[in-house]
Amino acid sequence: MQKNVYLDYNATTPCNKDIWLQMQGIACNSYNSSSIHSFGRKAESIVENSRRILLQKTNAVNKRAIFNSCGTEANNLVVKGFNHDRKIFVSSIEHASIYKLDNITLIKVDKHGIIDLDDLEEKLSNYDGKSLVSVMLANNETGVIQPIKKVVEICNKFDCIVHTDASQAFGKIKVDYADLGVDLMTLSSHKIYAPQGIGVLICNKKLQPNPLISGGGQEYSFRSGTLNVPAIYGFGLACEKIDDLIEKQKDIEILRDFLEDTIITKFNDCKIISKGACRLKNTSYIAMNGVDVNTQLIHFDMSGFSVSSGSACSSGKVGKSHVLESMGLPKDIVNSSVRVSLGLETTKEEIINFIDCWGSLYKRINSNKIKKVS
Ligand code: PLP
């Protein structure tokens, strides 16, 4: 029997084995970075070293890195940490950890899933007070990369701070905090072959978000709680490898393009979402027109392929993708699109087998249609 094939790397990545082994060495010690004795000081030096690497690798030296539990928490800290005195504007395709929060105003995207800059400017012009704009660097469903520098240019005309959620982009494209010009940036460790349970908010030191969690005053009092030292260590190790990871995306792109080109050439009635847009090299969102997402996911899963409906990440349930709906795509496309995201361990053989599996469902459904008509 064929082994299960993982094609859902945008949901999470496996932790690099060397990193995991090195983390174990740290986890077996009594390391609380808040303690003042020698164990505590050792823990603190591990944390500070990871913080330094992370800030250096994102070109955010001299900025503040606030460690927390995950990208979701970092995003919550942004929206809830600033909404006491700023109006929050976010793109309509943000991750659920942003767009589902209360009291936000949505900015439109176009049919390719790219933020509508005119809509952003108009909404900011029509608002007199202080604001915060949050636009992700790359979308987790379509992979579409957003024009953050242009967003910043517009926001700079107003009393507005800018956040980008770079959770999905980090490790797939160069992420340069200074070059983007943002004030706040979210990253998540488990998207870059590092452990789950650790995220970070990179923050301009002038900004003071209201903390979500109070207590011992860790992380400059913006996020209390004993730090997850082994995971922070692992995150730092993965950041050291980030350039190499980005370089490897070129090989992944070859497999992704092979997948898309073969499906488009062999089958009618299918669509690659945002194919013409600037996208992450590992992400493909494929609509098998007329075939419900659930039917597809069950078929793929039973055949040993783990893929995802773009919107399933949060609850395990398959809902309608708010990203595809925001893009104004027709219902039949929204209801029939499956996200395939490739990673370091993906092989050509796996992609060939996946195409066969995709084709077998396509042929079965289409032959049923023909039988019904005759
Ligand atoms: N932001 C984006 C763009 C994501 O893709 C995800 C996870 O899929 C998150 C935030 C949430 O990150 P975490 O799983 O670390 O909470």
Side-chain angles (χ1 to χ4, degrees), residues 6-15 54 58 65-81 88 90-101 104 109 113-115 133-146 148 151 162-173 175 180 182 184-202 212-213 223 228 231-232 234-235 238-239 273-274 279-285 306-319 321-324 326 339-343:
Y6 186 72
L7 292 172
D8 199 14
Y9 284 80
N10 284 8
T12 195
T13 57
C15 186
L54 194 144
T58 50
I66 305 169
F67 284 118
N68 47 36
S69 66
C70 56
T72 296
E73 188 186 329
N75 285 344
N76 269 256
L77 179 58
V78 170
V79 175
K80 296 176 183 166
I88 312 287
V90 315
S91 90
S92 58
I93 55 162
E94 292 304 301
H95 185 260
S97 53
I98 291 207
Y99 92 92
K100 280 194 174 166
L101 300 182
I104 48 159
V109 296
I114 301 168
I115 183 156
V133 165
S134 181
V135 180
M136 66 205 325
L137 183 48
N139 182 263
N140 44 306
E141 296 190 28
T142 60
V144 170
I145 298 165
Q146 301 298 320
I148 299 298
V151 167
V162 185
H163 166 246
T164 193
D165 174 1
S167 305
Q168 208 55 250
F170 194 42
K172 300 189 183 96
I173 57 171
V175 171
L180 289 172
V182 294
L184 298 147
M185 179 187 276
T186 294
L187 302 174
S188 173
S189 158
H190 72 101
K191 309 288 185 187
I192 60 161
Y193 303 84
Q196 296 178 337
I198 194 77
V200 71
L201 180 68
I202 301 179
L212 300 174
I213 301 174
R223 205 288 188 173
N228 185 345
I232 290 173
F235 195 7
C239 287
I273 310 292
S274 300
R279 283 182 298 160
L280 297 177
K281 293 177 169 47
N282 79 317
T283 307
S284 187
Y285 211 175
S306 299
V307 293
S308 166
S309 88
S311 53
C313 165
S314 50
S315 60
K317 282 186 241 139
V318 179
S321 160
H322 73 287
V323 174
L324 298 183
S326 298
R339 181 188 71 189
V340 183
S341 50
L342 287 58

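First listed ligand is number 1; within each ligand, the first listed atom is number 1. For this chain, numbers begin at 1 and follow the sequence in order. Because the structure is a prediction, the values reported are computed rather than measured.
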Relative to the heavy atoms of [X], which atoms of ligand 1 are at a distance of less than 4.0 Å?
{"X": "His190", "answer": "13 (P), 14 (O), 15 (O)"}
{"X": "Cys70", "answer": "13 (P), 15 (O), 16 (O)"}
{"X": "Met136", "answer": "3 (C)"}
{"X": "Gln168", "answer": "4 (C), 5 (O)"}

Original post:
For ligand 1, is there an N or O atom under 3.5 Å from any N or O atom of Ala11?
Top reply: no

Original post:
Which bit of Thr72 is near ligand 1, meaning a heavy atom under 4.0 Å away: side chain, backbone, both or neither?
Top reply: both

Original post:
Would you call the rings of Phe170 and Phe235 parallel, tilted or perpendicular if under 30° counts as parallel and over 60° as perpendicular?
Top reply: perpendicular

**OP:** Could you check Ile145 against Arg279 for side chain to side chain contact (heavy atoms under 4.5 Å, CB included), going step by step and ending with a plain yes or no?
**Re:** CA-CA 5 Å; Ile145 298 165; Arg279 283 182 298 160; 5.8 Å; no

Subject >> Inter-residue atom distance Thr186.OG1 - Glu73.CD, 0.5 Å rounding >> reply: 10.5 Å

Original post:
With distance as the sole test, does Gln146 use its side chain to make a donor-acceptor pair with the main-chain N or O of Gly113 at under 3.5 Å?
Top reply: yes

Subject >> Donor-acceptor contact present, side-chain Ser92 to main-chain Ser326, <3.5 Å >> reply: no

Original post:
Is there a heavy atom of Lys191 sitting under 4.0 angstrom from any atom of ligand 1?
Top reply: yes

